Amino acid sequence: VQLQASGGGLVQAGGSLRLSCAASGRTFSSLSMAWFRQAPGKERDFVAAISWSGASTDYADSVKGRFTISRANAKNTGYLQMNSLKPEDTAIYYCAAGVVRGRSASMYGSWGQGTQVTVSS
């Protein structure tokens, strides 16, 4: 499956953004999906993940209560709603898809190209 992330941009602290991850191929609805992020000079970190059905989600402690991951399998699209954004949320955000839901990047075989999110203070 091929993925394309979009929706990033520049926002002030406290603002909101919604990222989208558009998938091509008919297997998306059977795959778990996740969002990761990578700040300059840092490793790629887990943000959130959702099961193929959408029934199960998982969040990094740093975003719990502020971010919401969701998906619309009929549209082959996943989302990350980001509220109460902080400057430390600034990073390139990547969507990923894989057979098993988890927090490790190595568990996901398909990746989008990334979208930049910049939060100003």
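As the structure is a computational prediction, the values presented were derived from the model and not from experiment.
Residues M33 and F28 have side chains in contact (heavy-atom distance under 4.5 Å, counting atoms from C-beta outward). At least one side-chain heavy atom of T115 sits less than 4.5 Å from a side-chain heavy atom of L19. By the 4.5 Å heavy-atom criterion applied to side chains, R18 and M82 are not counted as neighbours. In this structure the side chain of T68 reaches within 4.5 angstrom of the side chain of Y59, judged on heavy atoms. Put simply, the side chain of Q12 does not reach to within 4.5 Å of the side chain of V119, judged on heavy atoms. No side-chain heavy atom of C95 sits less than 4.5 Å from a side-chain heavy atom of F36.
Counting only distance, with no hydrogens or angles, the side chain of T90 and the backbone of T118 share no donor-acceptor pair below 3.5 Å. Not one N or O on the side chain of N73 forms a donor-acceptor pair closer than 3.5 Å with the backbone of S53.
Taken from CD1 in I50 to OG in S56, the straight-line distance is 8.5 Å, to the nearest 0.5 Å. In this structure, L3 CG and S110 OG are separated by 5.5 Å, a value rounded to the nearest 0.5 Å. Note that CD of Q113 and OG of S6 are 8.0 Å apart. Values are rounded to the nearest 0.5 Å.
Under the 4.5 Å side-chain heavy-atom criterion for grouping Ile, Leu, Val, Met, Phe, Trp and Tyr, Y79 is not connected to F67 through any hydrophobic cluster. One hydrophobic cluster, built from ILVMFWY side chains closer than 4.5 Å, holds both V100 and Y108. Clustering ILVMFWY residues whenever any of their side-chain heavy atoms sit less than 4.5 angstrom apart, transitively, puts F46 in the very cluster that holds M107.
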Requested in this report: Check the pair D45 / Q38 against side chain to side chain contact (heavy atoms under 4.5 Å, CB included), numbers first and verdict last.
Outcome: CA-CA 6 Å; D45 291 332; Q38 188 166 17; over 6 Å; no
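In summary, D89 and K86 do not engage in a salt bridge, as defined by a charged side-chain N under 4.0 Å from a carboxylate O.
The 12-atom threshold is not exceeded at CD of Q4, counting heavy atoms of other residues, nucleotides or ligands nearer than 6.0 Å. Other residues, nucleotides and ligands contribute at most 12 non-hydrogen atoms within 6.0 Å of the CD atom of Q2.
Shown here for S62 and R37, the closest heavy-atom pair between the two residues is OG-NH2, 3.5 Å. The two atoms that bring A13 and P87 nearest to each other are CB-CD, 4.1 Å, heavy atoms only. Of all non-hydrogen atoms in L17 and V117, the two that sit nearest each other are CD1-CG1, 3.9 Å. Taking both residues in full, the closest heavy atoms of S16 and Q81 are given as CB-NE2, 4.0 Å, listed atom of the first, atom of the second, then distance. The minimum heavy-atom distance between S30 and T27, with the atom names listed, is OG-O, 2.7 Å. Taking every heavy atom of both residues into account, L80 and V47 meet most closely at CD2-CG1, 4.2 Å.
With W111 as the aromatic partner, R44 meets the cation-pi criteria of under 6.0 angstrom to the ring centre and within 45 degrees of the ring axis.
Under the 3.5 Å distance criterion, with hydrogens and angles disregarded, no donor-acceptor pair is assigned to the side chains of T77 and R71.
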